[in-house]
Amino acid sequence: MSKIKKDYEHTFFGKLERWIAGENDVFYEDPEPMALEEREKKAGHNYLAYLEQIPDVGYSYEKAKAYHYIYRILTVLMGVFIVGTLLYVVYFLPPFGDADNPVNNEVSRRYIEKGMEETGAVNIVAGMILDYRAFDTFGESNVLFIAASAVLLLLKAGDGAKTAKSQKEIGMKEDVILQRVTFILSPMLFLFGIYVILNGHLSPGGGFSGGAIIGGSLILFRNSYGYEAIEQFFTEKTFQNCTLIALGFYCLAKSYSFFTGANHLNSHIPLGTPGDIFSAGLILPLNIAVGIVVACTMYSFYALFSKGGI
Amino acid sequence: MLEHFLENGEVVTSVILFGIGLAALLLHKNLIKKIIGLNIMDTAAYLFLAAQGYIEGRGAPIVTDGVTRMDAYINPIPSGLVLTGIVVSVSVTALMLALTVCLYQKYHSLNMDYIIMKMRKEEE
Amino acid sequence: MLTAFKFVMFFGLIVCALSACLARRLLISVAIFMSYSVIMSILWVVLKSPDLAITEAAVGAGVTSVLFFVTLKRIRAIGEDEKHE
Amino acid sequence: MEFVCNFPFFSIMVSMFSGVISSVLKGKKARNLGVAVNGIVIVLSAATLAYVMSTGESFVYTMGHYTAPWGNEIRVGVLEALTATFFSFVMLLSVLGGMKHLSRELEDRSLGMYFLFLNLMLGAILALIYTNDIFTAYVFIEINTIAACGLIMVRKTGPVYVAATRYMIMSLMGSGLFLIGVCILYTVTGHLLMPNIQESVKMLMLRGEYHIPLLMVIILITAGLAIKSGLYPFHSWMPAAYGFSLPSSSAILSGLVSKSYIFLLIKIIYRVVGKDTILGSDIIKVLFAFSVFAIILGSVGAIREKDIRYMNAYSSVAQIGYVYMGIGLGSRAGMVAAMFHILVHAATKSLLFISAEGLSQASGHTYRIQELKGAGYRSRLAGIGFTVGAFSLVGIPLFGGFISKISFAVAATEDPRKVVLVFIVIAISTLLNAIYFVRTVIIIYTPAAASEKSRRVKLGAAGCTAITVFAAVNFILGLFSGPFIGAIKQGIAMFQ
């Protein structure tokens, strides 16, 4: 009797009944444990091969497998469908590179013709993102900040679990050639980043690209000299304080500018002569603040990923 | 039709890339590939936007020699928007990679389906 | 000349995107993605947006790829730790 | 300009700034700061609401020195102010309701982080509500997504990571579609500010240009926001995300985050695309069809669940279906009903999540419905709260849910083709809701074995206040719905 019942439970209708009764994954059975272990054994020490041989989900049930293939095919079809519809839409869009397109309207005219006069920035894009549309940019630096906080929360090794293993730097090797090259390259990269930030309103670049370059130079330095060397001047405390001061300044400065703007007050910020380093009102300080935030964030991303702590 | 597509090469490419990225984001079981797909999708959208700002025969939007006529420079707005977008996508990428590392620590796999299966097994 | 160059880049972008998604090894996939970003930043120079090009080169090709690499390294380290235990 | 016009801007900036400061504070201090800022935001929003109601006009606040098509701006009308007040109020109560659980579950550092995410999320939700610029909306959508992911994963266990990853993947797909939609919209209109876009769209419709790209824009933006808010076929991430996270997080995620996307969608329908354009397209019918599936299948999913948190999550799927049904009716009455249901559901679902947590604490931290027997006696207030929430969502008179169901039915009578279907759907869904909610209520009030009776659990002052106020809000929405519906009608009239 019980055997019949057991057999029934493995048929489609038995499973359907159990599924209706609320068992979630009757169609989603485990792979045989032996097969799983064997596959891992077969992969041996070659890690990448191991990654590739991670077993497909153990749909021992044929229909679930079929469903899986249908899902794959449907997704490809969906991708093709989306590309097709978008291509069809592209056919009706305004032609590429034409000066009479709807996007080239009074807004861009004002940015180009009055931009330098109103914002003091020679680089029109910098003037646009840090003055005309500064609220977007404010949101953007907050995206970066919140992502950095989330990564910090996820990857920060617990304070109690500071064992040797969690402190171990990943992929650290003493390498003379690397150290020599870094010794020359890293300060130059750092300087170049500062140049890009300070000239953000005069030439291509600005806080984001310059900050990323500085972050890159810090990553390079850490990679060749190890985190002990960089810990002498950059710790988690530094990261937190720098980010707080830079973002806080950004927030206050922009609040001031928004408030005066909306209430039709004079903001009393001198614009200076366009073309000078010290010009363009708030754009230079804001670029510096953004640069600091981006540099700290980029470096801390790397540090958190490689060691689990800044 | 083909001629129109050839003239609008940037836009067509960006649309195709968008489709590839979206399919990879949905289809791939491997988390790293999913994140690469996400990045491809985002950059495709940015390429689309940047292509809209381009105007044949005009210069980059940086005032040179004090010329502030509209017909000297391309449209600066798409560049500004894309600049914002790039930073958003790098933040999201970092967060997803951090989640991947955490998932690998717990389940020793990068395969999303396998991870879900293992999680359900552990829960029972 | 420039048009031909652009079409080579479009082709390169699509090939890179496809092969980054289909490559069998993750490391290769990430490397291809890096070259995708570089091509993209060159394309932005051609589209007269130097701001974007410099940002994409620093952020997209630089930091994002480094993050991918360091993630792979971290995962490998975790995997090796598991094996030794 | 009156000084009170600055308040929406202040509330956004204060919550963002406090989020930045929270990064260096210790857990308890960050918590106090977060709660204080939330209180300030409620006061500011309420003052704005009073001001806007008294003048009867919306106003535009420029973010910077440049007006309409050149700079960013935010726009404040009655509907925005009402939603902002209500949402910040619900957020404060959800945090208070889960406070005990938060302090117990999270270590000091994570608590600080939790409030960092919460403050930034509050700022992002306010910015999404007030924004008048579609690209700003995209940036703040991303902040909202990351903050929501942070709220889910703050617990740091395996299932939570899986839930957060699935949530992120679906959300990022939604943002990608939204972004490309915004790009195409910018291409054909040349503007990013909502009133300017609307003007250009009107012109384009008159001239019959770019018809297909505009249709595609509507599809992409609607699809993106529908995915992010968890409309039926895209709901797969919801149960895990709501089920595994902390009760405050589940309450905020289901009550506010998904609703803020729907609010943005309503705003885009009215203020960007234009109501007439969207009614002329078939999108609205597709939304209606999906919403019908969502209502029925979400309820069926809830019946199948044995875990009380999952049951609540599936019930959210059904309720979001209701909101989309209101939008899908395509009439102003339908939109009013949808907005009112957003408010009702925000209050009710938060109440359900928080009191479910209270019930499970009284039953030895189990979440299985069968094991909650007699929990209503052990934790009386949580039992009452759950009953109020359940009755409200079933649609029993006196409660808020009843009014919203009536509004949906009344709105449906305007459209003779949909009225029968809507009535049938509401009837079936009420029946299904009754099955799983009344079943649960009966179980929690079934006397348990004598040995378990003694185990009483205190909710704490904050939790008691939260549940009491939430229940009171439910009664207020049910008994005195007039002013709310009036304000929503006034607000929607201002949108045009």
Side-chain angles (χ1 to χ4, degrees), chain A residues 19-22 24 82 85-86 88-94 101-108 110-111 118 131-140 142-143 145-150 152-154 156 158-159 240-241 243-244 247-248 250-252 254-255 257-264 267, chain D residues 1 5-6 9-10 13 16-17 19-21 23-24 61-66 69-74 107 109-110 113 116-117 120 123-124 127 133 135-136 139-140 142-143 146-147 149-150 153-154 156 161 180 184 186-192 196 200 210-213 216 219 304-306:
Chain A
W19 181 67
I20 290 170
N24 254 333
I82 286 182
T85 15
L86 284 174
Y88 180 65
V89 172
V90 165
Y91 184 65
F92 294 95
L93 285 181
N101 284 348
V103 288
N104 304 314
N105 52 8
E106 72 271 14
V107 185
S108 64
R110 160 106 174 220
Y111 287 168
E118 283 174 347
D131 205 342
Y132 287 106
R133 300 184 59 85
F135 192 41
D136 283 359
T137 318
F138 173 67
E140 173 201 3
N142 273 306
V143 174
F145 169 69
I146 194 172
S149 310
L152 185 69
L153 175 68
L154 275 175
K156 172 99 174 136
D159 295 330
Q240 278 183 342
N241 291 339
T243 318
L244 176 73
L247 261 181
Y250 193 116
C251 192
L252 291 177
K254 239 32 249 188
S255 299
S257 140
F258 290 155
F259 181 78
T260 51
N263 292 294
H264 308 295
S267 64
Chain D
M1 190 145 81
C5 296
N6 289 309
F9 157 70
F10 285 162
M13 279 300 175
M16 287 283 177
F17 191 53
V20 173
I21 292 179
S23 66
V24 287
Y61 185 90
T62 45
M63 299 296 259
H65 291 264
Y66 310 99
W70 293 288
N72 286 113
E73 59 185 31
I74 57 179
E107 50 188 283
R109 186 189 180 78
S110 305
M113 283 291 185
L116 187 159
F117 294 134
L120 282 174
D133 185 303
F135 197 79
T136 313
V139 175
F140 282 92
E142 292 288 352
I143 298 188
I146 299 179
C149 178
M153 84 208 171
V154 75
K156 289 179 122 176
Y161 292 145
I180 194 102
I184 298 177
Y186 175 69
T187 306
V188 294
T189 60
H191 284 286
L192 290 163
N196 300 85
S200 327
Y210 301 128
H211 194 76
I212 288 169
M216 196 64 196
I219 295 176
R304 271 180 44 209
E305 280 305 331
K306 288 175 176 164

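Quick caveat, the model's predicted, so the values are computed rather than measured. Every chain is numbered from 1 and lettered A, B, ... according to where its sequence line falls, protein lines coming before strand lines.
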* **A:K254 side chain vs D:M63 backbone, donor-acceptor pair below 3.5 Å** => no

For a quick test of reading the model, state the closest non-hydrogen atom pair linking [X] to [Y] and the distance between them.
X      : Y      : result
D:N72  : A:A134 : OD1-N, 3.5 Å
A:L153 : D:M113 : CD1-CG, 3.9 Å
A:Y132 : D:W70  : CB-O, 3.7 Å
D:P69  : A:V107 : O-CG1, 3.5 Å
D:F17  : A:C251 : CD1-SG, 3.6 Å

State, yes or no, whether a side-chain contact exists between [X] and [Y] at a heavy-atom distance under 4.5 Å.
X      : Y      : value
D:S23  : A:Q240 : no
A:S255 : D:F10  : no
A:F138 : D:V139 : no

Heavy-atom distance under 4.5 Å to chain A: side chain of [X], backbone, both or neither?
X      : value
D:T189 : backbone
D:L116 : side chain
D:L192 : side chain
D:Y186 : both
D:Y210 : side chain

* **side-chain contact (heavy atoms from CB on, under 4.5 Å) assessment of D:M13 paired with A:F259** => CA-CA 11 Å; D:M13 279 300 175; A:F259 181 78; over 6 Å; no

Checking [X] against chain D: side chain, backbone, both or neither under 4.5 Å from a heavy atom?
X      : answer
A:N105 : side chain
A:D131 : both
A:L154 : both

* Structure fact -> chain D shares the most heavy-atom pairs under 4.5 Å, among A:V89, A:D136, A:T243, A:N241, with A:D136

* Return the option, out of A:V90, A:I82, A:V143, with the maximum number of heavy-atom pairs under 4.5 Å with chain D. => A:V143

So how far is it from [X] [atom1] to [Y] [atom2], rounded to the nearest 0.5 Å?
X      : Y      : atom1 : atom2 : result
D:I143 : A:F145 : CD1   : CZ    : 11.0 Å
A:Y88  : D:M216 : OH    : CE    : 11.5 Å
A:I146 : D:E142 : CD1   : CD    : 11.0 Å

Name the option with the most non-hydrogen atom pairs under 4.5 Å to chain A; the candidates are [options].
options                       : result
D:I180, D:N196, D:V188        : D:V188
D:I219, D:V154, D:V20, D:D133 : D:V20
D:I184, D:I21, D:L120, D:I74  : D:L120

* Asked: Should the ring pair A:F135 and D:F140 be called parallel, tilted or perpendicular, given that the plane angle runs from 0 to 90° and is split at 30 and 60?
  -> tilted

